[in-house]
Protein chains: 2
Amino acid sequence: MTQICYFCSMDLQEFLEEGDKLFLPNLSIDLVIIGFEEGHLKCLLLKMGNKWLLPGGYIRRDQSVDEAARTILKDRTNLEDPHLQFLSVFGDSERRPGLGSEWKDFILNSGVKWDEGYWVNDRFVSLTYYALVDINKTHPTVHNFDEAYGWFHFDALPDIWMDHDQILKKARNRLKEDINRELITHNLLPDKFTMPELHKLHQAILEEKLDRSRFQKKMLASGLFERLPKLQKDTPGRNPYLYRLKKQGV
Amino acid sequence: MTQICYFCSMDLQEFLEEGDKLFLPNLSIDLVIIGFEEGHLKCLLLKMGNKWLLPGGYIRRDQSVDEAARTILKDRTNLEDPHLQFLSVFGDSERRPGLGSEWKDFILNSGVKWDEGYWVNDRFVSLTYYALVDINKTHPTVHNFDEAYGWFHFDALPDIWMDHDQILKKARNRLKEDINRELITHNLLPDKFTMPELHKLHQAILEEKLDRSRFQKKMLASGLFERLPKLQKDTPGRNPYLYRLKKQGV
DNA sequence: GCAAAAGTGTTGAGACTACACCCATGT
DNA sequence: ACATGGGTGTAGTCTCAACACTTTTGC
């Protein structure tokens, strides 16, 4: 049975046997793609057998590591330029995708023969990135290496493959650290948003209550946002203003 | 001619031909080793031909990436546990040690035949770390891949190999960023030091004047240091106290 | 005594905290 | 009218920058 592998023109068998001619061996990229919905931070995971894993891929020999990460993100989400940043290296010596049964089962279920010696069964050092996306603009695609996708609350994760739970944990903490250094959170919201929405987002990221008044003043004082006409809504209470990111001056 | 390669029992020829059985291919580690002397930040560089490069090495298949970095640092400096932290990934697609003439010349000068196809001539992704060391406790060793070592001012660097100048630049900036988050700077000083010394160090790192009074109060308020008897010296002016890092409470 | 170096104090400006208060809207 | 949610104001506290002052030493 021939199966086209999403990131190249090879079929699966060819990919397993000599994918390392096209890709760097022993190196993979894994992405933690983070969105915000219904007041909760969520991450995008893919299903392989009875486990869930991070979207990932390999580095083409003609691509830089950053380009590879961006390509994988684009392939998975159809997003061109969200906030994408390097997270960390996961480099344990016993880090082998083939150790558990999920990967092997997938290969066998694909009607391809299994070989311990495939380059993809060797040790892999993972270069991880995290991306902040507008969850409504993201349209994940499912390829041959996975059966389904899902957005999961960070505090209600399913059964995770390999060490991908550690990667998720690291991303969650990094986000907490980065939020005060750079105001990057707007990437998680639509182009236009209200201060109460941004306020809820910050509280969700930091996992603590923030004073409304102070928050609003701090955000406005940053000078990053411009106020638009008020939002029309049909819930009780005053109508909030809409904001959007100011265009950068030259 | 047989030459022993420092990180394994292979000779050079064997290392070039099948070193990738022992090490991960396409992956290298480079270290920016930073010290402080005579009021200036310095970094350790090695000489290869007419260029200077960072101490580096490869990742043994039975070692984690972090272990490999620590091993290389130990081999180069005889230091066991200085501050060692991940810096960044350098992953350009055209990042090949063999592109310039220095590497080829070194191989040929070693009396070994040259082959474009050696694994070490392929593209390499570099995982970089930076280490803060007490320059007086550091006794660099020179191995077969380099002729000499030297400590260089960051603002008076020699001719640098490949993209190692970019790595140095990144480390220099990272240090500036990290100094205010964590108080890691004592790693650059001897066990016992004075506040004026620490003050000069911070000014050197940040490349700006810091108010003496404020600096001293901030350091003492951190509670990290304990005061020792005064230093005896024979220069004009009052004798400063010595300080050392407080032992961590349980 | 005086200059140089080290250590400490003081004062004002600005940021942060915790509220209280005012505004707009739906019921 | 009033409950609900959004926006703004204010007084107290805390931190921090700038500079002045004091102490210790060598000459």
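Any value given below was found using the heavy atoms of this structure, including those in side chains, with hydrogens, waters and symmetry copies removed. All chains are named by letter (A, B, ...) in the order of the sequence lines, taking the proteins before the strands, and each is independently numbered beginning at 1.
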- Rounded distance in Å - CG (B/Leu210) to P (D/dC19): 15 Å
- Query: Using the ring of each side chain (for Trp, its six-membered ring), is B/Phe225 parallel, tilted or perpendicular to B/Phe193, with breaks at 30° and 60°?
  - Reply: perpendicular
- A/His202 vs A/Phe215 aromatic rings, parallel, tilted or perpendicular, using cut-offs 30° and 60°? perpendicular
- Note on the structure: To the nearest angstrom, the CZ-P distance between B/Phe215 and D/dA18 comes to 16 Å
- Task: For A/Lys218 and D/dT8, give me the distance from atom NZ to atom P, rounded to whole Å.
- Result: 18 Å
- Distance under 6.0 Å and angle within 45° of the ring axis: does B/Arg227 meet both against B/Tyr241? yes
- Message: Does C/dT8 have its OP1 or OP2 closer than 4.0 Å to a side-chain nitrogen or oxygen of B/Gln216?
- Response: yes
- Note on the structure: Between CG of A/Asp234 and P of C/dT25 the distance, given in whole Å, is 13 Å
- Note on the structure: Here the distance between atom C1' of C/dG12 and atom CZ of B/Arg214, to the nearest Å, is 14 Å
- Item | Euclidean distance, atom NZ of residue B/Lys230 to atom C1' of D/dT25 [Å, nearest integer] | 9 Å
- Note on the structure: Here the distance between atom C1' of D/dG6 and atom OH of A/Tyr241, to the nearest Å, is 9 Å
- Message: Main chain of B/Met48, side chain of B/Glu147: is a donor-acceptor contact present, judged purely on distance under 3.5 Å?
- Response: no
- Closest to the 5' end of DNA chain C, once B/Lys200 and B/Lys217 are matched to their nearest nucleotides, is B/Lys200
- Query: Between the side chain of A/Asp178 and the main-chain N/O of A/Leu175, is any donor-acceptor distance below 3.5 Å?
  - Reply: no
- Item | base_contact_polar (C/dT25 base, A/Arg238 side chain, donor-acceptor, <3.5 Å) | no
- Message: With hydrogens left out and only the distance checked, is there a donor-acceptor pair under 3.5 Å joining A/Ser213's side chain and the base of D/dG9?
- Response: yes
- On DNA chain C, more 5' by nearest nucleotide between A/Gln232 and A/Arg212 is A/Arg212
- Note on the structure: Note: for A/Asp211 and A/Pro240 on DNA chain D, the residue whose nearest nucleotide lies more 5' is A/Pro240
- Base, sugar-phosphate alone, or nothing: which one does B/Thr194 contact when heavy atoms must sit under 4.0 Å apart? nothing
- Task: Quick one: label A/Asn239 by what it contacts on the DNA or RNA (base, sugar-phosphate, nothing), any heavy atom closer than 4.0 Å.
- Result: sugar-phosphate
- Note on the structure: Taken to the nearest whole Å, CZ/A/Arg227 to P/D/dG6 is 14 Å
